[in-house]
Amino acid sequence: MTATTAAAAKSQGANNVRGWGRKEMAARLAQDIPEGWYVNLGIGIPLAVGDYIPADREVVLQSENGIVGMGPLQTRANLDTWIVNAGKQNVTLMKGAAMVSHSDSFAMIRGGHLDLCVLGSFEVAANGDFANWTTSLKSVPAVGGAMDLAVGAQRIWLIMEHTAKDGKPRLLEKCTMPLTAPSVVKRVYTNLAVVDITARGFELVEMNPEITFEALQERTGAKLHKKG
Amino acid sequence: MTATTAAAAKSQGANNVRGWGRKEMAARLAQDIPEGWYVNLGIGIPLAVGDYIPADREVVLQSENGIVGMGPLQTRANLDTWIVNAGKQNVTLMKGAAMVSHSDSFAMIRGGHLDLCVLGSFEVAANGDFANWTTSLKSVPAVGGAMDLAVGAQRIWLIMEHTAKDGKPRLLEKCTMPLTAPSVVKRVYTNLAVVDITARGFELVEMNPEITFEALQERTGAKLHKKG
Amino acid sequence: MINKIVQKLADAMAGIKDGSTVLLGGFGAVGQPNQLLDALTEQGAKHLTVVANNAGTGRKGLAGLMAAGRVDKIICSFPRSAGSVVFEELQAAGKLELELVAQGTLAERIRAGGAGIPAFFTATAYGTYIGEGKEVREYDGRKYILERAIKADVALVEAWQADRWGNLRYRTSGRNFNPVMATAADLTIVQTQHIVELGELGPDDIHTPSIYVDRVIHIPYGDPPMAQPMD
Amino acid sequence: MINKIVQKLADAMAGIKDGSTVLLGGFGAVGQPNQLLDALTEQGAKHLTVVANNAGTGRKGLAGLMAAGRVDKIICSFPRSAGSVVFEELQAAGKLELELVAQGTLAERIRAGGAGIPAFFTATAYGTYIGEGKEVREYDGRKYILERAIKADVALVEAWQADRWGNLRYRTSGRNFNPVMATAADLTIVQTQHIVELGELGPDDIHTPSIYVDRVIHIPYGDPPMAQPMD
């Protein structure tokens, strides 16, 4: 193999880096949630984070339709169809759970009482802007509670694929899709890396071992700073 | 007796007209509250209105510290010092009573959900302005919930003496004391009369039989219209 | 004696006028006043503005009211979801106006309507499509937009328990938008799974005090359907 | 394991800084966090701004804190009442700043602080001395003034029951300002008459969800005094 083909192969190989799977991403994020935090997990992959919180660590999950203290999904053994979460799934309640109305729930969310909200996203920018509610305004989108969570929680962490299916970066200088909120994201967990958003922009916290820094930078649409 | 002394005597007599007592005023007002109304009764004489609501007529009394369904004062037989009303008296709760927080109580008040609020007052003007919270701003006054009740309830009825101790009118063209709220009073119950406040100003609804219209007009600081 | 309990759905719906704004409780399949919605369709009021979290699913309840052509406008946060077929048909046909509102702003606008607050500032939706054109103000270095209260003619609510005064309790996620909807309408109509004696709900245990409720009807329809397969 | 219960009043007060804004629950003799107030006096933080309905009565609790010279400013609706002797002494001596707020506006400003609303319009106090100088705006033919939210460093709350997560229930009029105060501070400290096991308070029966509470201490002081002679 010549040097040129080797570089090409490496680049090709890097293009094919799958990195962490969704469960691994959720588990990775769950490690970083300390005991005692009140956390809202968005619909989809974020919700899976709840499955990876260590059993000996009490974290209180909030769901924006009014649950403080959400437990795992119901089974036939503990069926109670009156209990649903914001994703409209039948869930259990933890001991210590409290139910509130939507208005009280969003007062809680907007008022800054959640330590953390984890959301999925299509795009995130180096200044903390993110876009997760609609790819386009051509059709009528639904917004739900994402915009309230985005501005209300003490920290917004995103859990998302590092690139789109066609390989285009989703961590960008500036979002191209309609924003959910400007300047709120603090950290991004992707299949390839964990990235903080600071005054300097994207700062690498951790990389998937399958990829090099250069390859990661290639897949990132804005400068990726090393910590320190 | 000459005609002149008779007129003087009449005038003198009219000056001395005591009219209805406080209990009679409260009873007179209570007659006008229909079944099913939600009513806040201010501290002092207004609170006595509750004692005169006919036993077969359900009226729900609200107290701004969070009672919906306040009953009479407690006795030693039903003592529970955890229950107080806005006047900080130990009161009972009716069957059907609900307790709410101050913020929920004032949301209820401000949001227009009370059918009626009955307040005492120092002064009231023909345009519906009234002044009941302080006679002067020289010393530091307390305001409490009067201003919220004044703008929030569907109807403000005042229960007050028609004149001050020195005989000066308290129903005026314009209030002289600091306002509680502008343009909110609908009706005034005094020791001498029941007076509506309409677009025309003061309109007589009912007079104490001890007094003549002319003598009542003398004791009123703005034009008193006859109904119709 | 105060008795807000009515026996017939037609009595519960009496007097609702064309052009009314109607608030709906409910989230997902839970706490939906579906029997009241069916009765409203039956009652016939037209040119309604509906305020709810969703825009109806399937062909019953809110979707039924919409399919009958009674709704001119919907104010909601989540119009498109699995099964929002009637909404999509009406939208495609240009027969339905939509005002899209962030879910927390929707709840707060209604709360403001019920609480005598005509307008308030919130950071939600600042800098987004939904916030465009709204008055912006900065407080302590952060930008907020001004939002107006929503007040309505009618609220349709589903409760777990109610007494003859109209005190209400909800069951777990059946609470959702129901309490706030109950506060912001001139006429609040409640369907309840259970009627209880006055005094049975303790004063510290009431979720919606009776002052907010005008009519109550007993509709013991049972449990909501399962939300997901459980095997 | 989350355990917000502390054993000592000194631990409950740890870290309260000079210059803090402190919210107080309580109305009349009921639901007053008096033991926490005594502990705060003991703790020594100075130059406090206190937000409460009243300005203290007698010489204990809030009045004790004020008498010890720890309070620079009080934001309240009812400063003068029977027994507000310390307040009147400090006022006369020019040692206490007072911001007088209508009771409902006070509650709503704190609710706004806890709910992420920086400012709102209200009709209360428009056209009065208290409303003077505030921004006025007209909505639907009615005039309103703009009021700002109140947020605080510390809230002192009294509850009837609490669990180790900090879920709270209040007893009848003990509720008063306590729930709203609990929502609007960085550090919410609760004294409770009863500690209960986690799970003992049903999910539909909790007045203040645990998310608002940071520390809980068990102070079973008993019933409030009689408010009036009963003979």
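Computed from a predicted structure; not experimentally measured. These values consider heavy atoms only, across backbone and side chains, with no hydrogens, waters or symmetry-generated copies. Within every chain, numbering begins at 1; the chains are lettered A, B, ... in the order of the sequence lines, protein sequences first and strands thereafter.
- Under the 4.5 Å side-chain criterion, counting only non-hydrogen atoms from C-beta, D:Ser173 is in contact with B:Ile83.
- Contact of D:Gln91 with chain B is made through the side chain alone, with heavy-atom distances under 4.5 Å.
- Residue contact with chain B, scored on non-hydrogen atoms closer than 4.5 Å, involves the backbone and the side chain of D:Pro224 alike.
- With a 4.5 Å cut-off on non-hydrogen atoms, B:Asp104 does not touch chain D at all.
- There is no contact between D:Asn178 and chain B, counting heavy-atom distances below 4.5 Å.
- Interatomic distance, OG1 of B:Thr180 versus OH of D:Tyr129, reported as 14.0 Å (0.5 Å rounding).
- A side-chain donor-acceptor contact under 3.5 Å links B:Asp148 to the backbone of D:Thr105.
- For the pairing with B:Phe106, the side chain to side chain contact (heavy atoms under 4.5 Å, CB included) check across D:Glu108, D:Gln103, D:Arg111 returns one residue only, D:Gln103.
- Side-chain atoms of B:Thr81 and D:Asp223 include no donor-acceptor pair closer than 3.5 Å.
- Of the atoms belonging to B:Thr75, it is backbone heavy atoms, and not side-chain ones, that fall under 4.5 Å from chain D.
- With hydrogens and angles disregarded, no donor-acceptor distance shorter than 3.5 Å links the side chain of B:Gln74 to the backbone of D:Met230.
- Heavy-atom pairs under 4.5 Å with chain B peak, among D:Pro229, D:Gly28, D:Ala55, at D:Gly28.
- Here the side chains of B:Glu64 and D:Phe27 are not in contact, with every heavy-atom distance at 4.5 Å or above.
- In this structure, D:Arg175 contributes its side chain and B:Met99 its backbone to a donor-acceptor pair below 3.5 Å.
- Heavy-atom distances place the backbone of D:Pro225, and not its side chain, under 4.5 Å from chain B.
- Using modelled atom types, one side-chain atom of B:Asn90 and one backbone atom of D:Ala227 make a donor-acceptor pair closer than 3.5 Å.
- Atom OG of residue B:Ser103 and atom CZ of residue D:Arg109 lie 14.5 Å apart, to the nearest 0.5 angstrom.
- When B:Leu79, B:Ile67, B:Ile109 are compared by the number of non-hydrogen pairs under 4.5 Å with chain D, B:Leu79 comes out ahead.
- Proximity to chain D (any heavy atom under 4.5 Å) is shown, for B:Leu149, by neither the backbone nor the side chain.
- At a heavy-atom cut-off of under 4.5 Å, chain B is reached by D:Ser77, D:Phe78, D:Pro79, D:Arg80, D:Phe87 from residues 63-88 of chain D, listed in order of number.
- Distance alone, capped at 3.5 Å, places no donor-acceptor pair between the B:Arg110 side chain and the D:Thr122 backbone.
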